[in-house]
Amino acid sequence: MTVARIAGIARAGVAAAALSACAPAADVSSMGNFDPSYQGIETILLDGDLVNFRVAMTGARDNADVEAYARCAAAQYALIRGAGFARHVRTNVAKRGETWRGDAVYTISAALPKGFRTIDAEVTVRDCGSLGIPTV
């Protein structure tokens, strides 16, 4: 394969990616009713800055709704503890009947922690409020 052929394939790939980025987003109204009922948050200090958040809710559409509830709890907890950041370690989600349960672990810190799944607690709590997701 020649260099010119490889460059042509690369340009075609970039053009396809650019066009797909312009595709319209899914219509939110077609995603069905979203009427969540938040059942509560349990906070368990595991070790120093490592915290476990157990949440329960009904009316979730999928795991992402449960994960968002746990993220909101972690963000508010960080602010309560005088920290500005949290880093997601893991979240397990299970559904039994109509109840969804999340078991999430976060590290809480005053400085921006290393890692890819970090959250700015103040911004996250504000976003949770605008979405109607309760916090601790």
- Separation between CG (Leu131) and CZ (Arg126), nearest 0.5 Å, reads 11.5 Å
- Cluster question for you: counting only ILVMFWY and a side-chain heavy-atom cut-off of under 4.5 Å, with indirect links fine, are Ile133 and Phe34 together? yes
- Task: Would you mind reporting whether Arg71 and Thr124 have side-chain heavy atoms less than 4.5 Å apart?
- Result: yes
- Quick one: do Phe53 and Val93 end up in the same hydrophobic cluster if we chain Ile, Leu, Val, Met, Phe, Trp and Tyr together by side-chain heavy atoms under 4.5 Å apart? yes
- Can you see which heavy atom on Lys95 is nearest to which on Glu98, and at what distance? CE-CA, 4.4 Å
- Message: Just verifying a value: how many Å separate Ile41 CD1 and Thr135 OG1, rounded to the nearest 0.5 Å?
- Response: 6.5 Å
- Side chain proximity check, Met57 to Thr99, heavy atoms < 4.5 angstrom: no
- Query: Which heavy-atom pair separates Pro134 from Cys72 by the least distance, and what is that distance?
  - Reply: O-CB, 3.8 Å
- Here the pair of heavy atoms bringing Ala83 nearest to Ala121 is O-CB, 4.4 Å
- Task: Among residues two or more places apart or on two chains, list those pairs meeting side chain to side chain donor-acceptor pair (under 3.5 Å) that have a residue in residues 109-120.
- Result: His88-Arg117
- Message: Regarding Asp103 and Arg90, does a basic nitrogen lie under 4.0 Å from an acidic carboxylate oxygen?
- Response: yes
- Query: CH2 of Trp100 to CG of Asp62: how many Å apart, nearest 0.5 Å?
  - Reply: 6.0 Å
- Message: So Ile44 and Arg54, do their side chains get closer than 4.5 Å, heavy atoms only?
- Response: yes
- Is a side-chain donor-acceptor pair under 3.5 Å present for Ser37 with Gln39? yes
- If you take all heavy atoms of Ala86 and Ile108, which pair is closest and at what distance? CB-CD1, 3.9 Å
- Query: If two hydrophobic side chains count as joined below 4.5 Å and joins carry through other members, does Tyr38 share a cluster with Val125?
  - Reply: no
- Message: Please tell me whether Val123 and Tyr77 are part of a single hydrophobic cluster in this structure, the criterion being side-chain heavy atoms less than 4.5 Å apart.
- Response: no
- Message: Please report the interatomic distance OG1(Thr91) to OH(Tyr106), rounded to the nearest 0.5 Å.
- Response: 5.0 Å
- Nearest heavy atoms of Ala70 and Ala104, plus distance in Å: CB-CB, 3.7 Å
- Message: Which heavy atom of Ala111 sits nearest to which heavy atom of Phe85, and what is that distance?
- Response: C-CD1, 3.5 Å
- Note on the structure: Distance col, row Thr58:OG1 vs Asp65:CG, nearest 0.5 angstrom, shows 11.5 Å
- Item | From SG (Cys128) to CD (Gln76), nearest 0.5 Å | 9.0 Å
- Query: Are Val66 and Val89 connected in a single hydrophobic cluster, I mean Ile/Leu/Val/Met/Phe/Trp/Tyr linked by side-chain heavy atoms less than 4.5 Å apart?
  - Reply: no
- Non-hydrogen side-chain atoms of Val51 and Val105 separated by less than 4.5 Å: no
